[in-house]
**Q** 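Below you'll find the structure I mean.
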Amino acid sequence: MTQPAPKRFPAPAIDTLPDDIRTRLLGVQEKSGFVPNVFLTLAYRPDEFRAFFAYHDALMEKDSGLSKAEREMIVVATSSANQCQYCVIAHGAILRIRAKNPQIADQIAANYRKADITPRQRAMLDFAMKVSAEAQLVAEADFVSLAGHGFSDDDIWDIAAISAFFALSNRMANVTAMRPNDEFYLMGRLPK
């Protein structure tokens with residue numbers, strides 16, 4: 001039997017991390033019961049960890065014209081297109097919880113065009129996918145279409161920024177062979 005290859009970018013031990021990062025990880029662990037692997041993996045580079053999560057929080061936690069569930073829809077759809085197992089599984093769990101819908105994440109990950117979403121959300125995901133895969137083709141017609149679905153310019157910025165940010169996240173998750181925590185697979189599957 002062969003031994004698994006050593007991990008190229010090993011996660012540092014939590015007790016060796018700078019105070020601010022250790023505090024954040026322990027806070028997440030207290031709230032969720034575990035430390036998501038993205039926190040451990042990105043802690044390998046503390047300055048980049050701080051920058052990553054500052055931008056993540058600015059995009060994903062603010063009040064805006066996009067609901068928190070819609071933001072997670074963008075992450076799941078674009079991460080599926082980018083073949084990012086970690087983000088599809090982890091953000092799929094968050095989407096199920098925020099949408100209070102145990103099926104929506106799987107539907108969006110498999111094919112958002114067939115998912116049980118509104119026409120507005122479909123337009124949002126069409127644009128997010130375009131930004132994720134073909135941003136050079138974004139044109140005025142895209143903005144007109146989105147405005148027709150009630151999206152403001154700030155909402156459109158948010159859709160684009162979330163798509164672009166998670167393109168970075170997807171690529172780093174794949175490069176680092178980041179694996180979803182087992183806990184994510186069951187989250188939000190059964191109503192409470």
Side-chain angles (χ1 to χ4, degrees), residues 28 31-32 36 38 52-174 180-181 183-192:
V28 168
K31 182 177 178 182
S32 65
V38 67
F52 180 93
F53 283 106
Y55 196 36
H56 171 277
D57 295 350
L59 291 172
M60 301 301 286
E61 300 300 328
K62 70 180 177 178
D63 290 326
S64 79
L66 302 179
S67 71
K68 288 184 178 181
E70 287 172 333
R71 288 176 240 194
E72 296 297 338
M73 288 178 186
I74 295 167
V75 178
V76 172
T78 60
S79 296
S80 178
N82 291 328
Q83 299 182 46
C84 181
Q85 181 187 46
Y86 184 88
C87 290
V88 169
I89 302 301
H91 287 274
I94 298 167
L95 173 55
R96 288 190 298 272
I97 291 166
R98 291 196 166 160
K100 297 177 178 52
N101 180 337
Q103 295 144 353
I104 194 67
D106 293 334
Q107 291 177 356
I108 289 174
N111 183 350
Y112 76 92
R113 292 172 192 90
K114 305 284 186 193
D116 296 327
I117 58 176
T118 67
R120 177 183 187 271
Q121 291 165 339
R122 166 76 189 269
M124 173 189 76
L125 294 179
D126 285 341
F127 182 67
M129 296 296 277
K130 189 172 192 177
V131 170
S132 183
E134 303 175 304
Q136 74 279 9
L137 299 179
V138 170
E140 185 60 28
D142 297 305
F143 298 103
V144 170
S145 174
L146 289 165
H149 287 279
F151 290 104
S152 70
D153 283 349
D154 283 341
D155 298 336
I156 296 168
W157 179 286
D158 288 340
I159 297 165
I162 292 165
S163 301
F165 177 78
F166 278 93
L168 162 73
S169 181
N170 297 160
R171 284 150 179 81
M172 290 307 296
N174 279 322
N181 302 67
E183 292 88 345
F184 284 126
Y185 288 94
L186 297 178
M187 291 171 61
R189 295 266 181 209
L190 297 174
K192 287 189 175 191

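Just so we're clear, the structure is a prediction, and the values are computed from it rather than from any experiment.
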**Q** What pair of heavy atoms forms the shortest contact from Ala69 to Leu95, and how long is it?
**A**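 Looks like O-CD1, 3.4 Å.
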
**Q** What's the shortest heavy-atom distance between Leu59 and Ala161, and which atoms?
**A**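 Result for this residue pair: CD2-CB, 3.5 Å.
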
**Q** Using side-chain hydrogen bond (donor to acceptor under 3.5 Å, both in side chains) as the criterion, list what pairs up with Ser152, not counting sequence neighbours.
**A**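 Here the qualifying residues are Asp155.
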
**Q** So, Arg71 side chain and Ile162 main chain: donor-acceptor pair closer than 3.5 Å or not?
**A**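 No, because the side chain of Arg71 does not come within donor-acceptor range (under 3.5 Å) of the backbone of Ile162.
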
**Q** In chain order, what residues pass the side-chain hydrogen bond (donor to acceptor under 3.5 Å, both in side chains) check against Ser79, with sequence neighbours excluded?
**A**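 For Ser79 the side-chain hydrogen bond (donor to acceptor under 3.5 Å, both in side chains) partners, ignoring immediate neighbours, are Asn170.
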
**Q** Kindly assign one of parallel, tilted or perpendicular to the pair Tyr55 and Phe165, based on the angle between their ring planes and the thresholds 30° and 60°.
**A** perpendicular

**Q** Report the C-alpha separation of Asn181 and Tyr86 in whole Å, then their side-chain angles, then the decisive distance to 0.1 Å, and conclude whether the side-chain contact (heavy atoms from CB on, under 4.5 Å) test is met.
**A** CA-CA 8 Å; Asn181 302 67; Tyr86 184 88; 3.9 Å; yes

**Q** Give the table of side-chain donor-acceptor pairs shorter than 3.5 Å for residues 101-111, with sequence neighbours excluded, one pair per line with atom names and distance.
**A**
unit_1, atom_1, unit_2, atom_2, d
Asn101, OD1, Gln103, N, 2.8
Asn101, OD1, Ile104, N, 3.2
Asp106, OD2, Arg189, NH1, 2.6
Gln107, OE1, Asp116, N, 2.9
Gln107, NE2, Asp116, OD2, 3.1
Asn111, OD1, Arg113, N, 3.0

**Q** Do Glu61 and Lys68 sit within salt-bridge range, that is, some charged N less than 4.0 Å from a carboxylate O?
**A** yes

**Q** Begin with the C-alpha distance, continue with both residues' side-chain angles, and end with the deciding distance and a verdict on side-chain contact (heavy atoms from CB on, under 4.5 Å) for Leu66 and Met124.
**A** CA-CA 10 Å; Leu66 302 179; Met124 173 189 76; 4.1 Å; yes

**Q** Between Arg171 and Asn174, does the side-chain contact (heavy atoms from CB on, under 4.5 Å) criterion hold? Intermediate values first, please.
**A** CA-CA 5 Å; Arg171 284 150 179 81; Asn174 279 322; 5.9 Å; no

**Q** Should we say atom CD of Glu183 is surrounded by more than 12 heavy atoms from elsewhere, each under 6.0 Å from it?
**A**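 Enclosed.
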
**Q** Phe52 versus Met172: any side-chain heavy-atom pair under 4.5 Å?
**A**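 Sidechains of Met172 and Phe52: no contact.
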
**Q** Identify the two heavy atoms, one from Ala160 and one from Val131, that lie closest to each other, and give their separation to 0.1 Å.
**A** O-CG1, 3.7 Å

**Q** List in chain and number order the residues that pass side-chain hydrogen bond (donor to acceptor under 3.5 Å, both in side chains) with Ser80, two or more places apart in sequence or in another chain; answer none if no residue qualifies.
**A** none

**Q** Roughly how far, to the nearest 0.5 Å, is OG of Ser32 from CZ of Phe184?
**A** 7.0 Å

**Q** I need the full list of ring pair (Phe, Tyr, Trp, His ring centres under 6.0 Å) pairs touching residues 113-139, with sequence neighbours left out, sorted by first then second residue.
**A**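 Matches after skipping sequence neighbours: none remain.
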
**Q** With a 3.5 Å cut-off and sequence neighbours excluded, list the donor-acceptor pairs that the side chains of residues 136-151 form with protein atoms.
**A**
unit_1, atom_1, unit_2, atom_2, d
Asp142, OD1, Lys130, NZ, 3.1
Asp142, OD2, Lys130, NZ, 3.0
Asp142, OD2, Ala139, N, 2.7

**Q** Please say whether more than 12 non-hydrogen atoms of neighbouring residues, nucleotides or ligands are located less than 6.0 Å from NZ in Lys100.
**A** no

**Q** Using 0.5 Å steps for rounding, measure from the OG atom of Ser67 to the CE atom of Met73.
**A**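 Answer for the OG-CE pair, Ser67 versus Met73, is 6.5 Å.
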
**Q** Around atom CG of Asp57, are there more than 12 heavy atoms from other residues, nucleotides or ligands closer than 6.0 Å?
**A** yes

**Q** What is the distance from atom OH of Tyr112 to atom CD1 of Ile74, rounded to the nearest 0.5 Å?
**A** 11.5 Å

**Q** For the residue pair Phe166 and His56, does the interplanar ring angle fall in the parallel (under 30°), tilted (30 to 60°) or perpendicular (over 60°) class?
**A**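 Taking His56 first and then Phe166, their aromatic rings stand perpendicular (interplane angle over 60°).
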
**Q** With distance as the sole test, does Ser132 use its side chain to make a donor-acceptor pair with the main-chain N or O of Ala128 at under 3.5 Å?
**A** no

**Q** Over all heavy atoms of both residues, which pair between Gly92 and Val76 is shortest? Give the atoms and the distance, please.
**A** N-CG2, 3.6 Å

**Q** Determine whether a donor-acceptor pair (N or O, by modelled atom type, separation under 3.5 Å) exists between the side chain of Arg96 and the backbone of Met187.
**A** yes

